[in-house]
Amino acid sequence: MSYEYERVATPRSGLRLHLNENTAGCSTRVLEALKTMTREDAAFYPDYTAAIDACAVWLGVGHDRVLLTNGLDEGILAASVAAMRGTDGGRPYEAVVVVPAFDMYAACVDAAGGRVIEVPLAPDFSFDPEAVIAAVTPRTRLVFLTNPNNPTGQGIRRDAILAIARHAPHATVFLDEAYADFAGDTLIGDSALDRLPNIIVGRTFAKAWGLAGLRVGALIGSAETMAPVRRVVPPYSLNAYAARALPAALADRDYYDWYLEQVRTSKDLLYDALQTLSIPFWNSSGNFVLARFGADAPRVMAGVAARQVFLRDRSRDPGCEGCVRIGAGVVAHTEACIAAIKEVLCGAP
Ligand SMILES: *Cc1c(COP(=O)(O)O)cnc(C)c1O
């Protein structure tokens, strides 16, 4: 079995609701900061002091617990390389991935020579910590948990995360909080992390902060758990523009609060529309909604694409037959998306 990230075609124009991006674009303060870049800034290797400090302050942790990465993707890759290095007497180390999941976990573990152990969610996508614990073996070195999960939008309870970390002290629990901004729920700053140093939390500034194109992510964890991961990340992983952008982005809380509100309103609009259309969906803690169009899924995907609205077909994911993931960002975009879905399903107005 080989695992590869499914690259999707990038539409040149139209509504990109297929990659959970921030559909408003970044704060204008980011562009202002980038305009101050000098010839030397482009020519010299970047200094990360300001970016790390801004990230540490934002997350409320000491700067020594922060590792900035070239997008959270690089953090996932680095954690995978660090954990899967070597073998257990010739047998590969294992990483537990709860599916359906973000594709990068399996892709990175596989690329690092590890073995992916998939644990399926329940049919209603609820999270069962016992199923994860049952999959942990002496060779487990990594457990990927995503809170809230992509593509289901479902959360994981704090006590479930802690129970898994407690049960697998020989493994790193990689808690991907890519959508924590929208969920308003994080383990960062939780006193339990002091007792469970084997948890690394991953964050990204791609989604809520709109920096996906600049590539900025962060790992937060104890010095001992982070040390092998730090050795994997190249010293100048973020480029100078990303490093300049991050403090500027984090300084614009008004923009961030506005965007979170847009996402909340958009999700409510989507729930209402899907309910009216009798399309089953899952309430989401992220900036997207997973809906089960069933046999209509290919027709909906093609029909909305013809109307320049791009969604993500997740129907090949385990347990996601007939499911489409709809990005929920700027309200006007969501309204256009809903109109397109209605046209496809109910006929042109
Ligand atoms: C988008 C996403 C990431 C990757 O974020 P980048 O910072 O853009 O690399 C990581 N994890 C999950 C669950 C995501 O959905």
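If you're wondering where the values come from, they're calculated on a predicted model, not measured in any experiment. Note that ligands are numbered from 1 as they come in the structure, with each ligand's atoms numbered from 1 the same way.
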> Considering only protein heavy atoms, which is closest to atom 7 (O) of ligand 1, and at what distance to one decimal place?
Replying inline: Thr204 OG1, 2.5 Å
> Using a heavy-atom cut-off of under 4.0 Å, does the side chain or the backbone of Tyr105 touch ligand 1, or both, or neither?
Replying inline: side chain
>> Tell me the protein heavy atom at minimum distance from atom 15 (O) of ligand 1, and give that distance in Å.
In response: Tyr179 OH, 2.5 Å
> Is Leu72 close to ligand 1, meaning an N/O of one under 3.5 Å from an N/O of the other?
Replying inline: yes
>> Could you check whether Gln154 and Ser126, counting side-chain N and O atoms only, form a donor-acceptor pair closer than 3.5 Å?
In response: no
>> Could you tell me, atom by atom, which parts of ligand 1 come under 4.0 Å of a heavy atom of Ala206?
In response: 7 (O), 8 (O)
> Taking atom types as modelled and ignoring hydrogens, do the side chains of Asp181 and Tyr259 form a donor-acceptor contact shorter than 3.5 angstrom?
Replying inline: no
>> Show the atoms of ligand 1 that are less than 4.0 angstrom away from any heavy atom in Thr146.
In response: 13 (C)
> Closer than 4.0 angstrom: is that true for some heavy atom of Gly71 and an atom of ligand 1?
Replying inline: yes
>> If you define the side chain from C-beta out and look only at heavy atoms, does anything of Cys55 sit under 4.5 Å from Leu68?
In response: yes
>> Can you confirm whether the side chains of Asn20 and Arg325 place a donor and an acceptor under 3.5 Å from each other?
In response: yes
> Quick one: does ligand 1 sit under 4.0 Å from the side chain of Asp73, the backbone, both or neither, non-hydrogen atoms only?
Replying inline: both
> Any N/O of Asn150 closer than 3.5 Å to an N/O of ligand 1?
Replying inline: yes
> Would a distance-only check, ignoring hydrogens and angles, find a side-chain to backbone donor-acceptor pair under 3.5 Å from Asn147 to Arg158?
Replying inline: no
> Looking only at heavy atoms, what is the nearest atom pair of Met84 and Arg115, with distance?
Replying inline: SD-N, 4.5 Å
Donor-acceptor pairs under 3.5 Å, side chain of residues 197-210 to any protein atom, not counting sequence neighbours: which ones?
{"residue": "Asn198", "atom": "ND2", "partner": "Ala165", "partner atom": "O", "Å": "3.0"}
{"residue": "Asn198", "atom": "ND2", "partner": "Ala168", "partner atom": "O", "Å": "3.1"}
{"residue": "Asn198", "atom": "ND2", "partner": "Ala171", "partner atom": "O", "Å": "3.2"}
{"residue": "Arg203", "atom": "NH1", "partner": "Glu177", "partner atom": "OE1", "Å": "3.2"}
{"residue": "Arg203", "atom": "NH1", "partner": "Thr186", "partner atom": "OG1", "Å": "3.3"}
{"residue": "Thr204", "atom": "OG1", "partner": "Ala206", "partner atom": "N", "Å": "2.9"}
{"residue": "Lys207", "atom": "NZ", "partner": "Tyr179", "partner atom": "OH", "Å": "3.2"}

> What residue and heavy atom of the protein are closest to atom 12 (C) of ligand 1, and at what distance?
Replying inline: Asp176 OD2, 3.4 Å
> Quick one: nearest non-hydrogen protein atom to atom 2 (C) of ligand 1, plus distance?
Replying inline: Lys207 NZ, 2.5 Å
> Nearest protein heavy atom to atom 8 (O) of ligand 1, by residue and atom, and its distance?
Replying inline: Arg215 NH1, 2.8 Å
> How does Met104 reach ligand 1, if at all, at less than 4.0 Å between non-hydrogen atoms: by side chain, backbone, both, or neither?
Replying inline: neither
> What's the shortest distance from atom 10 (C) of ligand 1 to any protein heavy atom, and which residue and atom give it?
Replying inline: Phe102 CE2, 3.3 Å
> Is any NZ, NE, NH1 or NH2 atom of the basic residue among Glu261 and Arg264 found under 4.0 Å from an Asp or Glu carboxylate oxygen of the other?
Replying inline: yes
> Hey, are Thr265 and Asp268 close enough side-chain-wise for a donor-acceptor pair under 3.5 Å?
Replying inline: no
